[in-house]
Amino acid sequence: MSGLRIENVSLRYGARPILRGLTLPDLRPGEVTVLAGPNAAGKSTLLRAIAQLAPYRGRIALDGEDLARMPIRRRARLIGVMPQALPAGSSLVVLESVIAALRAGDGFAAGADAQAMAVLERLGIADLAMEPLDQLSGGQRQMVSLAQAIVRDPRVLLLDEPTSALDLARQVRLLGALRALAAEGRIVVAVLHDLAMAAQWADRIVLLHRGELHSSGQPATVLTPDLLARVYGVRARVERCSQGRITVLIDGEV
Amino acid sequence: MLLHRYHQQNRRRAVLVAVMAAMAVLGIVLDLMTGPSGLPLSETLRALTGAEVERATQVIVWQVRLPVAALALLVGAALALSGAEMQTVLENPLAEPFTLGVSASAALGAATAIVLGLTLPMLPAQWSISANAFLFALGALALLQLLGRLRGGGPEVLILFGIALNFSAAAFLSVLQFVASADALQQLVFWTMGSLSAASWQGVAALALVLAACMPFSLRAAWQLTALRMGEDQARSFGVDVDALRRWTLLRVSLLAATAVSLVGVIGFVGLAGPHIARMLVGEDHRFFLPASILTGALVMSLASTLSKMVVPGVLLPVGLVTSLIGLPVFFWLILRGRARR
(Lines give C-alpha, C1' and ligand atoms only; values in the text may rest on other atoms or scores of the structure.)
Protein backbone atom coordinates (compact mmCIF):
# COMPACT_ATOMS: atom_id res chain seq x y z
CA MET A 1 0.00 0.00 0.00
CA SER A 2 1.97 2.95 -1.25
CA GLY A 3 0.75 6.48 -0.67
CA LEU A 4 -0.97 8.76 1.78
CA ARG A 5 -4.38 7.64 3.01
CA ILE A 6 -6.78 9.98 4.79
CA GLU A 7 -9.73 8.19 6.34
CA ASN A 8 -12.69 9.61 8.20
CA VAL A 9 -10.75 12.57 9.62
CA SER A 10 -12.67 14.93 11.90
CA LEU A 11 -11.30 17.97 13.67
CA ARG A 12 -12.92 20.71 15.68
CA TYR A 13 -11.70 23.97 17.22
CA GLY A 14 -13.67 24.19 20.45
CA ALA A 15 -17.27 23.48 19.47
CA ARG A 16 -16.76 24.44 15.84
CA PRO A 17 -16.27 21.50 13.49
CA ILE A 18 -13.63 22.24 10.82
CA LEU A 19 -13.29 18.82 9.17
CA ARG A 20 -16.27 16.44 9.15
CA GLY A 21 -15.31 12.83 8.64
CA LEU A 22 -13.15 13.55 5.62
CA THR A 23 -12.01 10.63 3.46
CA LEU A 24 -9.88 11.25 0.38
CA PRO A 25 -8.82 8.97 -2.44
CA ASP A 26 -5.21 7.80 -1.78
CA LEU A 27 -2.56 10.39 -2.63
CA ARG A 28 0.14 8.68 -4.68
CA PRO A 29 3.88 9.27 -5.07
CA GLY A 30 4.80 11.34 -8.10
CA GLU A 31 1.62 13.41 -7.97
CA VAL A 32 1.03 17.04 -7.12
CA THR A 33 -2.30 17.37 -5.32
CA VAL A 34 -3.81 20.80 -4.80
CA LEU A 35 -6.26 21.35 -1.95
CA ALA A 36 -8.74 23.99 -3.10
CA GLY A 37 -11.92 25.47 -1.75
CA PRO A 38 -13.37 28.71 -0.42
CA ASN A 39 -12.25 30.28 2.86
CA ALA A 40 -12.92 28.17 5.96
CA ALA A 41 -13.28 25.02 3.86
CA GLY A 42 -10.65 23.33 6.05
CA LYS A 43 -7.73 23.24 3.59
CA SER A 44 -4.98 24.49 5.89
CA THR A 45 -6.43 22.54 8.79
CA LEU A 46 -6.28 19.32 6.79
CA LEU A 47 -2.66 20.08 5.97
CA ARG A 48 -1.91 20.62 9.67
CA ALA A 49 -3.65 17.36 10.53
CA ILE A 50 -1.56 15.43 8.00
CA ALA A 51 1.56 17.07 9.46
CA GLN A 52 0.36 15.99 12.95
CA LEU A 53 0.36 19.61 14.10
CA ALA A 54 -3.32 19.54 15.11
CA PRO A 55 -5.12 16.74 17.00
CA TYR A 56 -7.81 14.97 14.99
CA ARG A 57 -10.01 11.91 15.04
CA GLY A 58 -9.68 9.36 12.27
CA ARG A 59 -6.69 7.87 10.56
CA ILE A 60 -3.94 9.30 8.41
CA ALA A 61 -1.43 6.72 7.20
CA LEU A 62 1.65 6.74 5.01
CA ASP A 63 2.32 3.46 3.20
CA GLY A 64 -0.04 1.75 5.64
CA GLU A 65 1.66 3.14 8.75
CA ASP A 66 -0.39 5.35 11.06
CA LEU A 67 1.34 8.75 11.23
CA ALA A 68 -0.10 9.56 14.65
CA ARG A 69 1.67 6.56 16.19
CA MET A 70 5.00 7.17 14.51
CA PRO A 71 7.92 8.48 16.63
CA ILE A 72 8.31 12.19 15.97
CA ARG A 73 11.88 11.94 14.64
CA ARG A 74 11.02 9.25 12.13
CA ARG A 75 8.00 11.26 11.02
CA ALA A 76 10.19 14.33 10.54
CA ARG A 77 12.31 12.39 8.06
CA LEU A 78 9.22 11.37 6.07
CA ILE A 79 7.24 14.61 6.05
CA GLY A 80 8.35 18.14 5.18
CA VAL A 81 6.11 21.09 5.98
CA MET A 82 6.19 24.55 4.48
CA PRO A 83 4.04 26.90 6.61
CA GLN A 84 2.22 29.95 5.29
CA ALA A 85 4.85 32.21 6.88
CA LEU A 86 7.98 31.95 9.00
CA PRO A 87 7.98 34.02 12.19
CA ALA A 88 9.78 37.29 11.52
CA GLY A 89 11.74 37.74 14.73
CA SER A 90 14.79 35.52 14.28
CA SER A 91 18.25 36.81 13.47
CA LEU A 92 19.54 33.36 12.47
CA VAL A 93 21.12 33.42 9.05
CA VAL A 94 19.43 31.42 6.28
CA LEU A 95 22.03 28.65 6.13
CA GLU A 96 21.98 28.25 9.94
CA SER A 97 18.21 27.91 9.92
CA VAL A 98 18.31 25.19 7.26
CA ILE A 99 21.07 23.32 9.13
CA ALA A 100 18.92 23.53 12.27
CA ALA A 101 16.03 22.02 10.29
CA LEU A 102 18.31 19.10 9.55
CA ARG A 103 20.01 18.63 12.91
CA ALA A 104 17.28 19.48 15.44
CA GLY A 105 15.60 16.11 15.06
CA ASP A 106 18.42 13.78 14.24
CA GLY A 107 21.10 15.13 16.51
CA PHE A 108 24.50 14.97 14.93
CA ALA A 109 24.41 14.61 11.19
CA ALA A 110 27.71 14.46 9.36
CA GLY A 111 27.77 16.63 6.26
CA ALA A 112 24.70 18.60 7.37
CA ASP A 113 26.30 21.90 6.39
CA ALA A 114 27.01 20.85 2.82
CA GLN A 115 23.59 19.21 2.49
CA ALA A 116 21.87 22.43 3.59
CA MET A 117 23.94 24.48 1.17
CA ALA A 118 23.08 22.11 -1.68
CA VAL A 119 19.35 22.63 -1.04
CA LEU A 120 19.77 26.41 -1.15
CA GLU A 121 21.59 26.02 -4.47
CA ARG A 122 18.88 23.76 -5.84
CA LEU A 123 16.23 26.38 -5.03
CA GLY A 124 18.35 29.18 -6.49
CA ILE A 125 18.70 31.08 -3.21
CA ALA A 126 22.32 30.25 -2.41
CA ASP A 127 23.13 33.98 -2.47
CA LEU A 128 20.91 34.43 0.62
CA ALA A 129 22.86 31.87 2.68
CA MET A 130 24.46 34.35 5.06
CA GLU A 131 21.52 36.80 5.29
CA PRO A 132 19.67 37.05 8.63
CA LEU A 133 16.07 35.80 8.43
CA ASP A 134 14.67 39.03 9.87
CA GLN A 135 16.11 41.03 7.00
CA LEU A 136 14.51 38.99 4.21
CA SER A 137 11.40 39.90 2.24
CA GLY A 138 8.27 37.80 2.68
CA GLY A 139 8.92 36.02 -0.60
CA GLN A 140 12.53 35.24 0.30
CA ARG A 141 11.41 33.88 3.67
CA GLN A 142 8.94 31.65 1.85
CA MET A 143 11.73 30.17 -0.28
CA VAL A 144 13.78 29.58 2.88
CA SER A 145 10.91 27.74 4.54
CA LEU A 146 10.67 25.53 1.44
CA ALA A 147 14.37 24.79 1.84
CA GLN A 148 13.75 23.86 5.49
CA ALA A 149 10.92 21.58 4.39
CA ILE A 150 12.87 19.63 1.76
CA VAL A 151 16.32 19.47 3.36
CA ARG A 152 15.50 16.19 5.17
CA ASP A 153 14.59 14.71 1.77
CA PRO A 154 11.04 13.80 2.89
CA ARG A 155 8.67 11.46 1.04
CA VAL A 156 5.71 13.76 1.63
CA LEU A 157 5.79 17.50 1.10
CA LEU A 158 2.99 19.64 2.58
CA LEU A 159 2.76 23.29 1.51
CA ASP A 160 0.37 25.94 2.76
CA GLU A 161 -0.10 28.73 0.20
CA PRO A 162 3.49 28.34 -1.01
CA THR A 163 3.22 31.13 -3.60
CA SER A 164 1.33 33.75 -1.58
CA ALA A 165 4.30 36.12 -1.18
CA LEU A 166 6.13 35.37 -4.43
CA ASP A 167 6.39 37.43 -7.61
CA LEU A 168 5.46 35.82 -10.92
CA ALA A 169 8.93 34.56 -11.82
CA ARG A 170 9.40 32.99 -8.41
CA GLN A 171 5.91 31.44 -8.51
CA VAL A 172 6.82 29.71 -11.74
CA ARG A 173 10.18 28.65 -10.34
CA LEU A 174 8.64 27.30 -7.13
CA LEU A 175 5.88 25.39 -8.89
CA GLY A 176 8.44 23.99 -11.31
CA ALA A 177 10.51 22.88 -8.32
CA LEU A 178 7.44 21.17 -6.84
CA ARG A 179 6.82 19.27 -10.06
CA ALA A 180 10.45 18.15 -10.09
CA LEU A 181 10.22 17.08 -6.44
CA ALA A 182 7.08 15.07 -7.20
CA ALA A 183 8.71 13.50 -10.24
CA GLU A 184 11.38 12.10 -7.93
CA GLY A 185 8.66 10.00 -6.30
CA ARG A 186 7.36 12.30 -3.61
CA ILE A 187 3.80 12.96 -2.58
CA VAL A 188 3.27 16.71 -2.89
CA VAL A 189 0.18 18.33 -1.33
CA ALA A 190 -0.31 22.09 -1.59
CA VAL A 191 -3.04 24.51 -0.59
CA LEU A 192 -3.49 27.00 -3.44
CA HIS A 193 -6.03 29.78 -3.75
CA ASP A 194 -5.27 30.65 -7.35
CA LEU A 195 -7.37 28.23 -9.39
CA ALA A 196 -5.74 29.13 -12.69
CA MET A 197 -2.41 28.20 -11.17
CA ALA A 198 -3.86 25.06 -9.64
CA ALA A 199 -5.31 24.05 -13.00
CA GLN A 200 -1.94 24.50 -14.63
CA TRP A 201 0.25 22.68 -12.11
CA ALA A 202 -1.83 20.07 -10.31
CA ASP A 203 -2.19 16.42 -11.27
CA ARG A 204 -5.21 16.26 -9.07
CA ILE A 205 -7.44 18.80 -7.39
CA VAL A 206 -9.22 18.05 -4.13
CA LEU A 207 -12.05 20.52 -3.66
CA LEU A 208 -13.14 20.96 -0.04
CA HIS A 209 -16.32 22.69 1.01
CA ARG A 210 -17.32 23.27 4.65
CA GLY A 211 -15.04 20.58 5.97
CA GLU A 212 -16.21 17.92 3.55
CA LEU A 213 -14.91 16.54 0.29
CA HIS A 214 -16.83 18.13 -2.56
CA SER A 215 -15.07 16.54 -5.48
CA SER A 216 -11.67 15.36 -6.55
CA GLY A 217 -9.94 14.41 -9.76
CA GLN A 218 -8.01 15.89 -12.65
CA PRO A 219 -8.29 19.67 -12.98
CA ALA A 220 -10.46 19.38 -16.10
CA THR A 221 -13.06 17.25 -14.34
CA VAL A 222 -13.18 19.22 -11.07
CA LEU A 223 -12.92 22.79 -12.29
CA THR A 224 -16.14 23.23 -14.28
CA PRO A 225 -18.08 26.51 -14.51
CA ASP A 226 -21.08 24.90 -12.90
CA LEU A 227 -19.11 23.63 -9.92
CA LEU A 228 -17.23 26.91 -9.42
CA ALA A 229 -20.55 28.72 -9.32
CA ARG A 230 -21.91 26.36 -6.69
CA VAL A 231 -18.87 26.21 -4.40
CA TYR A 232 -17.33 29.66 -4.81
CA GLY A 233 -20.32 31.66 -6.02
CA VAL A 234 -18.48 33.03 -9.04
CA ARG A 235 -19.11 33.11 -12.79
CA ALA A 236 -16.16 31.44 -14.46
CA ARG A 237 -15.03 30.30 -17.88
CA VAL A 238 -12.82 27.28 -18.33
CA GLU A 239 -10.69 27.18 -21.48
CA ARG A 240 -8.86 24.17 -22.85
CA CYS A 241 -5.19 24.72 -23.65
CA SER A 242 -2.58 22.49 -25.24
CA GLN A 243 -1.50 19.19 -23.65
CA GLY A 244 -4.91 18.64 -22.09
CA ARG A 245 -4.38 21.46 -19.61
CA ILE A 246 -7.09 23.98 -18.80
CA THR A 247 -7.15 27.57 -17.64
CA VAL A 248 -9.74 29.27 -15.46
CA LEU A 249 -10.99 32.82 -16.03
CA ILE A 250 -13.20 34.48 -13.43
CA ASP A 251 -15.80 36.96 -14.73
CA GLY A 252 -17.51 38.03 -11.50
CA GLU A 253 -19.90 36.98 -8.77
CA VAL A 254 -22.96 34.90 -9.55
CA MET B 1 32.43 29.76 -0.88
CA LEU B 2 29.44 30.68 1.25
CA LEU B 3 29.87 27.49 3.23
CA HIS B 4 33.42 28.66 3.89
CA ARG B 5 32.04 31.99 5.16
CA TYR B 6 29.66 30.13 7.45
CA HIS B 7 32.48 28.09 8.95
CA GLN B 8 34.54 31.25 9.30
CA GLN B 9 31.67 32.87 11.17
CA ASN B 10 31.48 29.88 13.53
CA ARG B 11 35.21 30.03 14.21
CA ARG B 12 34.88 33.75 14.95
CA ARG B 13 32.10 32.97 17.39
CA ALA B 14 34.12 30.27 19.10
CA VAL B 15 36.99 32.74 19.52
CA LEU B 16 34.56 35.32 20.94
CA VAL B 17 33.29 32.80 23.49
CA ALA B 18 36.89 32.03 24.48
CA VAL B 19 37.63 35.74 24.86
CA MET B 20 34.55 36.12 27.05
CA ALA B 21 35.74 33.24 29.22
CA ALA B 22 39.10 34.98 29.63
CA MET B 23 37.30 38.22 30.52
CA ALA B 24 35.23 36.42 33.13
CA VAL B 25 38.46 35.19 34.73
CA LEU B 26 39.84 38.74 34.66
CA GLY B 27 36.56 39.91 36.18
CA ILE B 28 36.92 37.60 39.15
CA VAL B 29 40.54 38.71 39.70
CA LEU B 30 39.44 42.36 39.59
CA ASP B 31 36.68 41.52 42.06
CA LEU B 32 39.28 39.96 44.39
CA MET B 33 41.55 43.00 44.20
CA THR B 34 38.91 45.51 45.27
CA GLY B 35 37.74 46.02 48.82
CA PRO B 36 38.34 48.14 51.91
CA SER B 37 42.00 47.16 51.81
CA GLY B 38 43.05 47.16 48.18
CA LEU B 39 45.30 44.32 47.11
CA PRO B 40 47.83 44.69 44.31
CA LEU B 41 47.48 42.26 41.41
CA SER B 42 50.75 40.47 42.23
CA GLU B 43 49.71 39.76 45.83
CA THR B 44 46.26 38.58 44.74
CA LEU B 45 47.69 36.18 42.20
CA ARG B 46 50.29 34.89 44.67
CA ALA B 47 47.60 34.22 47.25
CA LEU B 48 45.42 32.49 44.64
CA THR B 49 48.19 30.24 43.41
CA GLY B 50 49.12 29.26 46.94
CA ALA B 51 52.49 31.02 46.99
CA GLU B 52 53.95 32.48 50.18
CA VAL B 53 51.94 35.58 51.30
CA GLU B 54 51.13 37.30 54.57
CA ARG B 55 48.59 35.50 56.73
CA ALA B 56 46.20 38.49 56.52
CA THR B 57 46.27 38.50 52.72
CA GLN B 58 45.67 34.76 52.69
CA VAL B 59 42.58 35.18 54.87
CA ILE B 60 41.24 38.16 52.90
CA VAL B 61 41.54 36.39 49.54
CA TRP B 62 40.46 32.87 50.49
CA GLN B 63 37.96 33.40 53.25
CA VAL B 64 36.55 36.87 52.72
CA ARG B 65 36.65 37.73 49.05
CA LEU B 66 36.82 34.51 47.06
CA PRO B 67 33.48 33.07 48.27
CA VAL B 68 31.83 36.39 47.37
CA ALA B 69 33.54 36.63 43.99
CA ALA B 70 32.84 32.98 43.14
CA LEU B 71 29.20 33.27 44.16
CA ALA B 72 28.81 36.44 42.07
CA LEU B 73 30.23 34.63 39.04
CA LEU B 74 28.02 31.57 39.52
CA VAL B 75 24.85 33.56 40.20
CA GLY B 76 25.43 35.61 37.06
CA ALA B 77 26.02 32.45 35.04
CA ALA B 78 22.95 30.69 36.46
CA LEU B 79 20.58 33.62 36.02
CA ALA B 80 21.77 34.39 32.49
CA LEU B 81 21.47 30.74 31.43
CA SER B 82 17.93 30.55 32.82
CA GLY B 83 17.06 33.83 31.11
CA ALA B 84 18.46 32.64 27.78
CA GLU B 85 16.58 29.35 27.86
CA MET B 86 13.36 30.96 29.09
CA GLN B 87 13.45 33.51 26.28
CA THR B 88 13.77 30.74 23.73
CA VAL B 89 11.22 28.24 25.06
CA LEU B 90 8.65 30.92 25.94
CA GLU B 91 9.34 32.70 22.62
CA ASN B 92 9.50 36.05 24.39
CA PRO B 93 12.54 38.36 24.61
CA LEU B 94 11.45 39.77 27.97
CA ALA B 95 11.16 36.42 29.77
CA GLU B 96 13.56 35.79 32.66
CA PRO B 97 13.27 34.60 36.30
CA PHE B 98 12.88 38.16 37.56
CA THR B 99 10.06 39.23 35.22
CA LEU B 100 8.17 35.96 35.71
CA GLY B 101 7.93 36.33 39.47
CA VAL B 102 10.55 33.81 40.57
CA SER B 103 12.53 36.42 42.47
CA ALA B 104 9.42 37.94 44.05
CA SER B 105 8.31 34.49 45.19
CA ALA B 106 11.74 33.80 46.66
CA ALA B 107 11.51 37.09 48.53
CA LEU B 108 8.13 36.04 49.89
CA GLY B 109 9.69 32.76 51.02
CA ALA B 110 12.53 34.62 52.72
CA ALA B 111 9.95 36.79 54.46
CA THR B 112 8.18 33.75 55.91
CA ALA B 113 11.45 32.88 57.62
CA ILE B 114 12.50 36.40 58.61
CA VAL B 115 9.14 37.82 59.67
CA LEU B 116 7.07 34.82 60.69
CA GLY B 117 9.95 32.66 61.86
CA LEU B 118 8.62 29.69 59.89
CA THR B 119 11.54 27.36 59.30
CA LEU B 120 12.03 23.82 58.14
CA PRO B 121 12.83 21.41 60.96
CA MET B 122 16.28 19.83 61.16
CA LEU B 123 17.96 22.60 59.21
CA PRO B 124 20.86 24.72 60.55
CA ALA B 125 19.60 28.21 61.37
CA GLN B 126 21.87 29.94 58.88
CA TRP B 127 20.15 28.08 56.01
CA SER B 128 16.54 28.68 57.00
CA ILE B 129 16.06 31.84 54.93
CA SER B 130 17.65 30.36 51.82
CA ALA B 131 15.68 27.12 52.20
CA ASN B 132 12.34 28.93 52.37
CA ALA B 133 13.30 31.19 49.47
CA PHE B 134 14.32 28.14 47.42
CA LEU B 135 11.07 26.30 48.11
CA PHE B 136 8.94 29.32 47.26
CA ALA B 137 10.86 30.03 44.04
CA LEU B 138 10.61 26.41 42.95
CA GLY B 139 6.96 26.32 43.99
CA ALA B 140 6.28 29.44 41.94
CA LEU B 141 7.72 27.86 38.80
CA ALA B 142 5.87 24.60 39.45
CA LEU B 143 2.62 26.53 39.88
CA LEU B 144 3.35 28.41 36.68
CA GLN B 145 3.77 25.20 34.72
CA LEU B 146 0.72 23.61 36.31
CA LEU B 147 -1.48 26.61 35.52
CA GLY B 148 -0.09 26.71 32.00
CA ARG B 149 -0.84 23.00 31.55
CA LEU B 150 -4.39 23.31 32.92
CA ARG B 151 -5.24 26.35 30.86
CA GLY B 152 -3.36 25.26 27.73
CA GLY B 153 -2.58 27.74 25.00
CA GLY B 154 1.20 27.83 25.01
CA PRO B 155 3.87 30.29 26.06
CA GLU B 156 1.80 33.50 26.03
CA VAL B 157 -0.37 32.08 28.80
CA LEU B 158 2.70 31.15 30.86
CA ILE B 159 4.02 34.70 30.53
CA LEU B 160 0.72 36.19 31.67
CA PHE B 161 0.56 33.82 34.65
CA GLY B 162 4.17 34.75 35.47
CA ILE B 163 3.29 38.42 35.57
CA ALA B 164 0.24 37.70 37.74
CA LEU B 165 2.44 35.62 40.04
CA ASN B 166 4.92 38.46 40.31
CA PHE B 167 2.20 40.84 41.48
CA SER B 168 0.66 38.32 43.85
CA ALA B 169 3.99 37.59 45.53
CA ALA B 170 4.69 41.32 45.81
CA ALA B 171 1.29 41.89 47.40
CA PHE B 172 1.77 39.16 50.03
CA LEU B 173 5.27 40.46 50.66
CA SER B 174 3.83 43.90 51.43
CA VAL B 175 1.43 42.33 53.92
CA LEU B 176 4.34 40.63 55.69
CA GLN B 177 6.37 43.82 55.62
CA PHE B 178 3.45 45.66 57.23
CA VAL B 179 3.23 43.25 60.16
CA ALA B 180 7.01 42.83 60.54
CA SER B 181 8.97 44.15 63.49
CA ALA B 182 11.46 46.92 62.80
CA ASP B 183 14.41 44.54 62.94
CA ALA B 184 12.82 41.94 60.73
CA LEU B 185 11.72 44.63 58.27
CA GLN B 186 15.26 45.91 57.94
CA GLN B 187 16.61 42.42 57.37
CA LEU B 188 13.91 41.67 54.81
CA VAL B 189 14.40 44.88 52.84
CA PHE B 190 18.12 44.21 52.75
CA TRP B 191 17.44 40.66 51.49
CA THR B 192 15.19 41.91 48.67
CA MET B 193 17.97 44.20 47.46
CA GLY B 194 20.15 41.19 46.76
CA SER B 195 23.43 40.81 48.56
CA LEU B 196 26.56 38.74 48.26
CA SER B 197 27.74 39.53 51.76
CA ALA B 198 26.39 36.28 53.21
CA ALA B 199 28.37 34.21 50.71
CA SER B 200 29.80 30.94 52.00
CA TRP B 201 31.72 28.08 50.46
CA GLN B 202 28.70 25.81 51.02
CA GLY B 203 26.53 28.16 48.99
CA VAL B 204 29.14 28.32 46.25
CA ALA B 205 29.35 24.52 46.16
CA ALA B 206 25.56 24.11 46.02
CA LEU B 207 25.15 26.49 43.09
CA ALA B 208 28.20 25.09 41.29
CA LEU B 209 26.70 21.60 41.56
CA VAL B 210 23.31 22.67 40.18
CA LEU B 211 24.97 24.56 37.34
CA ALA B 212 27.24 21.63 36.52
CA ALA B 213 24.25 19.28 36.51
CA CYS B 214 22.08 21.48 34.26
CA MET B 215 24.61 22.81 31.74
CA PRO B 216 25.33 19.58 29.82
CA PHE B 217 21.60 19.08 29.18
CA SER B 218 21.21 22.68 28.03
CA LEU B 219 24.07 22.35 25.58
CA ARG B 220 22.80 19.00 24.34
CA ALA B 221 19.47 20.65 23.48
CA ALA B 222 21.21 23.45 21.58
CA TRP B 223 19.99 22.48 18.09
CA GLN B 224 16.45 21.87 19.29
CA LEU B 225 16.38 25.26 20.98
CA THR B 226 17.78 26.88 17.83
CA ALA B 227 15.04 25.20 15.79
CA LEU B 228 12.41 26.61 18.14
CA ARG B 229 13.42 30.11 16.98
CA MET B 230 11.59 29.27 13.74
CA GLY B 231 8.37 28.79 15.69
CA GLU B 232 6.70 25.88 17.44
CA ASP B 233 5.14 24.27 14.36
CA GLN B 234 8.33 24.40 12.35
CA ALA B 235 10.35 22.92 15.20
CA ARG B 236 7.81 20.09 15.48
CA SER B 237 8.01 19.38 11.79
CA PHE B 238 11.82 19.24 12.11
CA GLY B 239 11.33 16.40 14.62
CA VAL B 240 11.56 18.31 17.90
CA ASP B 241 9.23 17.15 20.66
CA VAL B 242 8.43 20.72 21.65
CA ASP B 243 6.34 19.85 24.72
CA ALA B 244 9.10 17.70 26.21
CA LEU B 245 11.73 20.30 25.32
CA ARG B 246 9.72 23.00 27.08
CA ARG B 247 9.04 20.85 30.14
CA TRP B 248 12.66 19.81 30.69
CA THR B 249 14.06 23.23 29.93
CA LEU B 250 11.72 24.91 32.40
CA LEU B 251 12.67 22.33 35.03
CA ARG B 252 16.37 23.13 34.57
CA VAL B 253 15.67 26.84 34.56
CA SER B 254 13.61 26.53 37.75
CA LEU B 255 16.37 24.75 39.63
CA LEU B 256 19.01 27.22 38.50
CA ALA B 257 17.00 30.34 39.22
CA ALA B 258 15.64 29.12 42.55
CA THR B 259 19.09 28.11 43.81
CA ALA B 260 20.71 31.37 42.70
CA VAL B 261 18.01 33.63 44.08
CA SER B 262 17.74 31.77 47.37
CA LEU B 263 21.45 32.31 48.02
CA VAL B 264 21.75 35.99 47.19
CA GLY B 265 18.25 37.49 47.21
CA VAL B 266 16.64 39.47 44.43
CA ILE B 267 19.03 40.15 41.57
CA GLY B 268 17.27 41.85 38.70
CA PHE B 269 17.96 41.98 34.99
CA VAL B 270 21.12 39.86 34.78
CA GLY B 271 18.88 37.14 33.34
CA LEU B 272 17.67 39.66 30.80
CA ALA B 273 20.78 41.65 29.92
CA GLY B 274 23.14 38.64 29.77
CA PRO B 275 21.32 36.79 26.97
CA HIS B 276 20.66 39.96 24.99
CA ILE B 277 24.30 41.02 25.02
CA ALA B 278 25.26 37.43 24.09
CA ARG B 279 22.77 37.40 21.22
CA MET B 280 24.22 40.60 19.80
CA LEU B 281 27.74 39.17 20.00
CA VAL B 282 27.33 35.60 18.72
CA GLY B 283 23.83 35.37 17.20
CA GLU B 284 21.17 32.75 17.92
CA ASP B 285 22.88 29.46 17.15
CA HIS B 286 22.45 28.06 20.66
CA ARG B 287 25.74 26.15 20.51
CA PHE B 288 27.36 29.57 20.92
CA PHE B 289 24.48 31.56 22.36
CA LEU B 290 24.11 29.49 25.56
CA PRO B 291 27.82 29.53 26.58
CA ALA B 292 28.04 33.21 25.63
CA SER B 293 25.01 33.98 27.83
CA ILE B 294 26.52 32.10 30.75
CA LEU B 295 29.81 33.98 30.41
CA THR B 296 28.18 37.38 29.89
CA GLY B 297 26.05 36.89 32.99
CA ALA B 298 29.11 35.82 34.97
CA LEU B 299 31.11 38.83 33.79
CA VAL B 300 28.27 41.30 34.42
CA MET B 301 27.82 40.00 37.96
CA SER B 302 31.57 40.13 38.63
CA LEU B 303 31.68 43.73 37.49
CA ALA B 304 28.54 44.55 39.51
CA SER B 305 30.15 42.97 42.57
CA THR B 306 33.32 45.03 42.01
CA LEU B 307 31.27 48.20 41.46
CA SER B 308 29.22 47.59 44.59
CA LYS B 309 32.43 47.90 46.58
CA MET B 310 33.74 50.95 44.73
CA VAL B 311 30.80 53.34 44.31
CA VAL B 312 30.79 54.49 47.93
CA PRO B 313 34.24 53.84 49.43
CA GLY B 314 34.02 51.78 52.58
CA VAL B 315 30.37 50.84 51.97
CA LEU B 316 29.23 47.59 50.37
CA LEU B 317 26.14 48.41 48.26
CA PRO B 318 23.61 45.59 47.76
CA VAL B 319 24.62 44.04 44.45
CA GLY B 320 20.98 43.78 43.35
CA LEU B 321 20.81 47.56 43.31
CA VAL B 322 23.81 47.73 41.01
CA THR B 323 22.51 45.14 38.55
CA SER B 324 19.11 46.84 38.42
CA LEU B 325 20.74 50.17 37.67
CA ILE B 326 22.76 48.56 34.87
CA GLY B 327 19.90 46.39 33.65
CA LEU B 328 17.05 48.85 33.53
CA PRO B 329 18.42 50.86 30.58
CA VAL B 330 18.87 47.58 28.69
CA PHE B 331 15.25 46.66 29.42
CA PHE B 332 13.96 50.00 28.10
CA TRP B 333 16.22 49.83 25.08
CA LEU B 334 14.79 46.40 24.21
CA ILE B 335 11.21 47.63 24.42
CA LEU B 336 11.92 50.73 22.37
CA ARG B 337 13.86 48.78 19.76
CA GLY B 338 11.03 46.27 19.47
CA ARG B 339 8.62 49.15 18.83
CA ALA B 340 10.86 50.70 16.17
CA ARG B 341 11.06 47.40 14.29
CA ARG B 342 7.33 46.99 14.06
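The shown structure was predicted, so the numbers you read here are calculated from the model rather than taken from an experiment. We name chains A, B, ... by the order of the sequence lines, and we start the count at 1 in each one.
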Determine the minimum heavy-atom distance between [X] and [Y], stating which atoms define it.
| X | Y | value |
| --- | --- | --- |
| Ala49(A) | Leu11(A) | CB-CD1, 4.1 Å |
| Ser44(A) | Val191(A) | N-CG2, 4.2 Å |
| Val89(B) | Pro155(B) | O-CB, 4.3 Å |

Interchain contact, [X] with chain B, by part (heavy-atom threshold 4.5 Å):
| X | answer |
| --- | --- |
| Ala114(A) | both |
| Ala51(A) | neither |
| Arg152(A) | side chain |

Atom CZ of Arg179(A): over 12 foreign heavy atoms under 6.0 Å: yes
Option in Gly283(B), Pro93(B), Ser237(B), Ala221(B) with maximal non-hydrogen atom pairs under 4.5 Å from chain A: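 With the most close heavy-atom pairs to chain A, the winner is Ser237(B).
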Residue, of Leu3(B), Asp241(B), Thr226(B), that accumulates the most heavy atom pairs under 4.5 Å with chain A: Leu3(B)
The single option from Gln115(A), Arg186(A), Arg77(A) passing side-chain hydrogen bond (donor to acceptor under 3.5 Å, both in side chains) against Asp153(A): Arg186(A)
Using a 4.5 Å cut-off on heavy atoms from C-beta on, say whether the side chain of [Y] contacts that of [X].
| X | Y | result |
| --- | --- | --- |
| Met230(B) | Leu92(A) | yes |
| Leu78(A) | Val156(A) | no |
| Leu174(A) | Leu166(A) | yes |
| Leu4(A) | Asp26(A) | no |

Residues of residues 243-257 of chain B within contact distance of chain A, non-hydrogen under 4.5 Å: none
Residues in residues 5-23 of chain B that sit under 4.5 Å from chain A, counting heavy atoms only: Arg5(B), Tyr6(B), His7(B), Gln9(B), Arg13(B)
Part of Gln234(B) within contact of chain A (heavy atom distance under 4.5 Å): side chain
By side chain to side chain donor-acceptor pair (under 3.5 Å) - contacts of Ser90(A) (at least two apart): Glu284(B)
Pick from Ala100(A), Ala101(A), Ala76(A), Pro132(A) with the largest number of heavy-atom pairs that fall under 4.5 Å of chain B: Ala101(A)
Return all side-chain donor-acceptor pairs below 3.5 angstrom for residues 116-130 of chain A, not counting sequence neighbours, or 'none' if the list is empty.
| from | atom 1 | to | atom 2 | distance (Å) |
| --- | --- | --- | --- | --- |
| Arg122(A) | NH1 | Glu184(A) | OE2 | 3.4 |
| Arg122(A) | NH2 | Glu184(A) | OE2 | 2.9 |

Asp134(A) side chain to Ser91(A) side chain, donor-acceptor N/O pair below 3.5 angstrom: no
Asp233(B) bridged to Arg48(A) by N-O distance under 4.0 Å: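 Between Arg48(A) and Asp233(B) there is a salt bridge, with a charged N closer than 4.0 Å to a carboxylate O.
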